[in-house]
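All remarks here apply to the structure that follows.
Both ligands and their constituent atoms are indexed starting at 1 by order of listing.
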Amino acid sequence: MLNEKLHSYIDGLISERNPLLTEMENYASVHNVPIMELSGIETMLQLLRIHRTERILEVGTAIGYSALRMADALPKAHIVTIERDVERLQLAEEFIQRSEHRNQITLIQGDALEVEDAVKEHASFDAIFIDAAKGQYKKFFEIYSKYLSDDGMIITDNVLFKGLVAEPEIETKRIRNLVKKIDEFNHWLMSHPGYHSVILPVGDGVAISKRRGESI
Ligand code: SAH
Ligand code: MG
């Protein structure tokens, strides 16, 4: 990973977000909502722009910050986003209603492991963004990659988990188990016969997966 100084330098060059997004960033910071880190989200948005993405599925809405960032960066895009926490989804709804992007975002309430039928109606997707319970990444990937368009990409956040994936010894059992799950996911993903993947050491670690051509 880049060192702290360089991270702050880069973050300092990123222009301010609009007042609503800034309010959401502050809310997330005060209430410990794990929204995507700045350098991670900027990287993802740039990839989505290059890819000219129009149909996006997000697993893990939280308060709607990343969904709104995507809607803002990609005026033609539509985002379907899943959140199981009712209170967070309610907040997301309120923030989205206050934005100019309410028509670009469809919220689905429920556990992503259980709402496949509702999501399916909106398929296919040019991009799928996985940013929910870290222990379930493989399941999310397996369920929703079925609805990825042929040239689509899957973006997975937090694959380096604050650098802990590279730590040999972790004290807390819960964290150790979670790190093990992420590490297993990373190995599984990087050797998946159906996808080319790369892990970028930006933000909290972002994996980009692209379907392999006809070769599978
Ligand atoms: N993408 C958001 C942050 C998401 S934080 C952003 O960057 O702005 C992760 C969210 O995933 C949490 O709000 C959590 O409630 C939700 N989540 C975790 N597991 C889930 C599941 N199985 N189904 C749906 N949502 C889930
Ligand atoms: Mg995340």
Side-chain angles (χ1 to χ4, degrees), residues 11 14 17-18 20-48 56-74 77 79-96 98-99 101 104-120 122 125 127-144 154-165 174 178-179 181-182 185-186 199-208:
D11 285 357
I14 299 172
R17 275 67 62 203
N18 70 39
L20 181 66
L21 291 167
T22 305
E23 184 185 329
M24 293 172 83
E25 289 172 10
N26 292 335
Y27 181 94
S29 158
V30 172
H31 295 89
N32 288 318
V33 182
I35 62 170
M36 202 180 193
E37 285 180 33
L38 201 51
S39 62
I41 200 155
E42 293 293 339
T43 304
M44 175 170 84
L45 295 176
Q46 190 72 329
L47 284 165
L48 296 173
I56 303 171
L57 171 66
E58 174 179 72
V59 184
T61 318
I63 60 169
Y65 178 74
S66 51
L68 269 177
R69 293 287 323 257
M70 292 190 277
D72 196 46
L74 304 152
I79 300 119
V80 174
T81 179
I82 314 167
E83 173 59 54
R84 68 178 172 194
D85 183 302
V86 180
E87 273 173 40
R88 280 200 178 156
L89 199 78
Q90 177 68 36
L91 269 167
E93 170 88 60
E94 286 168 24
F95 280 123
I96 292 163
R98 286 170 55 197
S99 78
H101 303 290
Q104 280 174 268
I105 302 174
T106 301
L107 297 170
I108 294 183
Q109 202 268 311
D111 190 312
L113 300 176
E114 293 165 7
V115 295
E116 182 177 352
D117 285 345
V119 172
K120 196 153 65 177
H122 303 274
F125 303 100
I128 298 176
F129 172 41
I130 299 175
D131 191 19
K134 299 187 222 337
Q136 312 279 357
Y137 274 7
K138 187 172 166 224
K139 283 190 190 153
F140 299 141
F141 194 104
E142 284 176 330
I143 295 173
Y144 292 110
I154 300 185
I155 300 150
T156 314
D157 191 29
N158 308 103
V159 296
L160 298 178
F161 196 20
K162 308 180 207 310
L164 291 174
V165 284
R174 193 184 71 83
L178 207 48
V179 169
K181 283 254 184 179
I182 298 173
F185 171 78
N186 288 342
I199 293 176
L200 305 178
V202 293
D204 197 31
V206 179
I208 313 292

Quiz item: Counting distance only, does the side-chain N/O of Gln104 pair as donor-acceptor with the main-chain N or O of Ala71 below 3.5 Å?
Solution: yes

Quiz item: the Mg ion (ligand 2) is nearest to which N, O or S atom of Asp157?
Solution: OD2

Quiz item: Do Ser39 side-chain atoms and Gly203 backbone N/O form a donor-acceptor pair below 3.5 Å?
Solution: yes

Quiz item: Do any nitrogen or oxygen atoms of Gly60 come within less than 3.5 Å of a nitrogen or oxygen of ligand 1?
Solution: yes

Exercise. Given salt bridge (Lys or Arg N to Asp or Glu O under 4.0 Å), test Arg84 with Glu114 step by step and report yes or no.
Key: CA-CA 10 Å; Arg84 68 178 172 194; Glu114 293 165 7; over 6 Å; no

Quiz prompt | Residues Glu23 and Arg98 bridged, charged N to O under 4.0 Å | solution = yes

Quiz item: What is the closest protein heavy atom to atom 18 (C) of ligand 1, and at what distance does it sit?
Solution: Ala133 N, 3.2 Å

Quiz item: Do you see an N/O/S atom of Asp131, backbone or side chain, under 2.8 Å from the Mg ion (ligand 2)?
Solution: yes

Quiz item: Phe161 ring centre to Lys134 NZ or CZ under 6.0 Å, with the angle to the axis within 45°?
Solution: yes

Quiz prompt | Atoms of ligand 1 close to Ala112 [distance to a heavy atom under 4.0 angstrom, numbered from 1] | solution = 21 (C), 22 (N), 23 (N), 24 (C)

Self-check item: Numbering as shown, the atoms of ligand 1 that approach Gly110 to under 4.0 Å (heavy-atom distance)
Solution: 23 (N), 24 (C)

Practice problem: Indicate yes or no: does Asp117 engage Lys120 in a salt bridge with an N to O separation below 4.0 Å. | Solution: yes

Quiz item: For ligand 1, which atoms, with element, lie under 4.0 Å from some heavy atom of Pro34?
Solution: 3 (C), 5 (S)

Practice problem: Just say parallel, tilted or perpendicular for the rings of Tyr137 and Phe140, cut-offs at 30° and 60°. | Solution: tilted

Quiz prompt | Glu142 atom CD, neighbour heavy-atom count above 12 within 6.0 Å | solution = yes

Self-check item: Metal proximity, Asn158 vs the Mg ion (ligand 2), N/O/S cut-off 2.8 Å
Solution: yes

Practice problem: Start with the C-alpha distance between Asp131 and Val59, add both sets of side-chain angles, then the distance that settles side-chain contact (heavy atoms from CB on, under 4.5 Å), and finish with yes or no. | Solution: CA-CA 6 Å; Asp131 191 19; Val59 184; over 6 Å; no

Quiz item: Going by the order shown, which atoms of ligand 1 are within less than 4.0 Å of some heavy atom of Ala132?
Solution: 11 (O), 17 (N), 18 (C), 19 (N), 20 (C), 26 (C)

Self-check item: For Thr61, the ligand 1 atoms whose distance to one of its heavy atoms is below 4.0 Å
Solution: 2 (C)

Quiz item: Can you tell which part of Glu58 has a heavy atom less than 4.0 Å from ligand 1: side chain, backbone, both or neither?
Solution: side chain

Quiz item: Heavy atom under 4.0 Å from ligand 1: found in Arg88's side chain, backbone, both, or neither?
Solution: side chain

Quiz item: What is the nearest protein non-hydrogen atom to atom 9 (C) of ligand 1, stated with its residue, atom name and distance?
Solution: Asp131 O, 3.1 Å

Quiz item: Can you tell me which residue and heavy atom of the protein come closest to atom 25 (N) of ligand 1, and the distance to 0.1 Å?
Solution: Arg84 N, 3.3 Å

Exercise. Name the option, out of Ala28, Ser66, Gly64, that contains the heavy atom nearest to atom 2 (C) of ligand 1.
Key: Ser66

Self-check item: Nearest candidate to atom 15 (O) of ligand 1, where distance is taken over non-hydrogen atoms, out of Lys134, Glu83, Met36, Glu114
Solution: Glu83

Exercise. Answer yes or no: is there a donor N or O on one side and an acceptor on the other, between the side chain of Asp204 and the main chain of Gly40, under 3.5 Å?
Key: no

Practice problem: Give a yes/no on ligand 1: does Asp111 have at least one heavy atom closer than 4.0 angstrom to it? | Solution: yes

Practice problem: For a side chain to side chain contact (heavy atoms under 4.5 Å, CB included) with Ile155, tell me which candidate from Ile208, Ile56, Leu200 qualifies. | Solution: Ile208

